[in-house]
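What you see below is based on every heavy atom in this structure, not just the backbone, and it leaves out hydrogens, waters and symmetry mates.
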Amino acid sequence: MPALLTWWKLDVATLAPEAHSDAVEAIGRDLLQRLDEPHRSYHTARHVVEMYAAVEELEREGVVTEREAALAGVAACFHDAVYDPQAPPGANEVDSAALAVRCLMALGLDSQDVEQVRRLVLATERHEAPHDDGLDAAFHDADLWILAAPEERFDEYCAQVRQEYAAVPDAAYAAGRTAVLEPFLRRDTVYATRYGRRVWGERARVNVARELARLSG
């Protein structure tokens, strides 16, 4: 997906303008190759592109600054860089964060920016964020934008996740997926930012409820 490589380069240029272009290109292409692995159906470049679109929407609404949006974009590129559906809980996030640290330090990003990206990547395991605007909340909401996607896209996402876990028997998958989705409906709100709560929240609840009904059927 050429657009994603372009956005990656622009974000790195914002955060580390002295980074060597060849290194930026090489790391970006490695990330794209990872996102194109055959065992992925949902956790692909398309998911990252959708996160970029959500971050851009939040930036337009003043939830994040231009620089914070660049940090969110870089974190989005790394947050599923290591993805094995059979890995123990949290292992993919830990390994993806470690990869981000290695790559971003090599590119010369400021250590505080590297730490911020690391924290954002690790936070995607639990999807918990304070109910406030700002980078952490915006990244949380961008990763979960898919829950508020139009019905056709949301249903496609559900099918893609099932495909990634095709080796899991139906009953076990239904139980595990229900355990992931149900907590979103028990929260006061799915989203952390004020914009996400206002614009995406109700649609997400409707989508998640529909998927839970399918899983219990």
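In the displayed structure, Glu25 atom CD is contacted under 6.0 Å by more than 12 heavy atoms of other residues, nucleotides or ligands. Environment of CZ in Arg210: crowded, with over 12 heavy atoms of neighbouring residues, nucleotides or ligands closer than 6.0 Å. Heavy atoms from other residues, nucleotides or ligands lying under 6.0 Å from CZ of Arg194 number 12 at most. Taking a 6.0 Å sphere around CZ of Arg60, one finds it holds more than 12 heavy atoms contributed by other residues, nucleotides or ligands.
Ring pair Trp7/Tyr52 is tilted by interplanar angle, where 30° to 60° counts as tilted.
Residues Phe78 and Leu99 have side chains in contact (heavy-atom distance under 4.5 Å, counting atoms from C-beta outward). Side-chain contact between Glu61 and Glu56 is absent, with no heavy-atom pair separated by less than 4.5 Å. Between Tyr157 and His47, the closest side-chain pair of non-hydrogen atoms is not below 4.5 Å.
The closest donor-acceptor contact from the side chain of Asn92 to the backbone of Asp84 lies under 3.5 Å. The main-chain N or O of Val24 is found under 3.5 Å from a side-chain atom of Trp8 such that the two form a donor-acceptor pair. Remark: the backbone N or O of Arg67 is not paired with any side-chain donor or acceptor of Thr14 at under 3.5 angstrom. Side-chain N or O atoms of Arg40 include one that pairs as donor or acceptor with a backbone N or O of Arg34 at under 3.5 Å. Remark: the backbone N or O of Val199 is not paired with any side-chain donor or acceptor of Tyr191 at under 3.5 angstrom. One N or O on the side chain of Asn207 and one on the backbone of Leu147 form a donor-acceptor pair closer than 3.5 Å. The backbone N or O of Thr65 lies less than 3.5 Å from a partner atom in the side chain of Glu68, making a donor-acceptor pair. At distances below 3.5 Å, not a single donor-acceptor pair connects side-chain atoms of Arg197 with backbone N or O atoms of Thr189. No donor-acceptor distance shorter than 3.5 angstrom exists from the side chain of Glu59 to the backbone of Ala69, with no hydrogens or angles considered.
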Exercise for the section: With side-chain hydrogen bond (donor to acceptor under 3.5 Å, both in side chains) as the test, would you mind laying out the steps for Tyr165 and Gln86 before giving the verdict? Expected result: CA-CA 8 Å; Tyr165 289 88; Gln86 299 183 27; over 6 Å; no

Practice task
Verify side chain to side chain contact (heavy atoms under 4.5 Å, CB included) between Leu35 and Leu4, making sure each step is shown before the conclusion.
Solution key: CA-CA 11 Å; Leu35 292 168; Leu4 186 54; 4.0 Å; yes

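The closest side-chain donor-acceptor pair between Tyr42 and Glu156, if any, does not fall under 3.5 angstrom. For the 3.5 Å distance criterion, the side chains of Thr193 and Asp141 qualify, holding a donor opposite an acceptor.
Under a cutoff of 6.0 Å and an axis angle of 45°, Arg205 and Phe184 do not form a cation-pi pair.
For Asp155 and Arg214, the salt-bridge test passes: some basic side-chain N is under 4.0 Å from an acidic carboxylate O. With respect to Asp136 and Arg119, a salt bridge is recorded, a charged nitrogen being found less than 4.0 Å from a carboxylate O. Classification of Glu50 and Arg153 as a salt-bridged pair holds, one side-chain N sitting under 4.0 Å from a carboxylate O. Between Arg118 and Glu115 there is a salt bridge, since at least one side-chain N of the basic residue sits less than 4.0 Å from a carboxylate O of the acidic one.
Of all heavy-atom pairs spanning Ala76 and Met51, the tightest one is CB-CE, 3.9 Å.
Aromatic rings from His79 and His43 are positioned such that their centres are separated by 6.0 Å or more.
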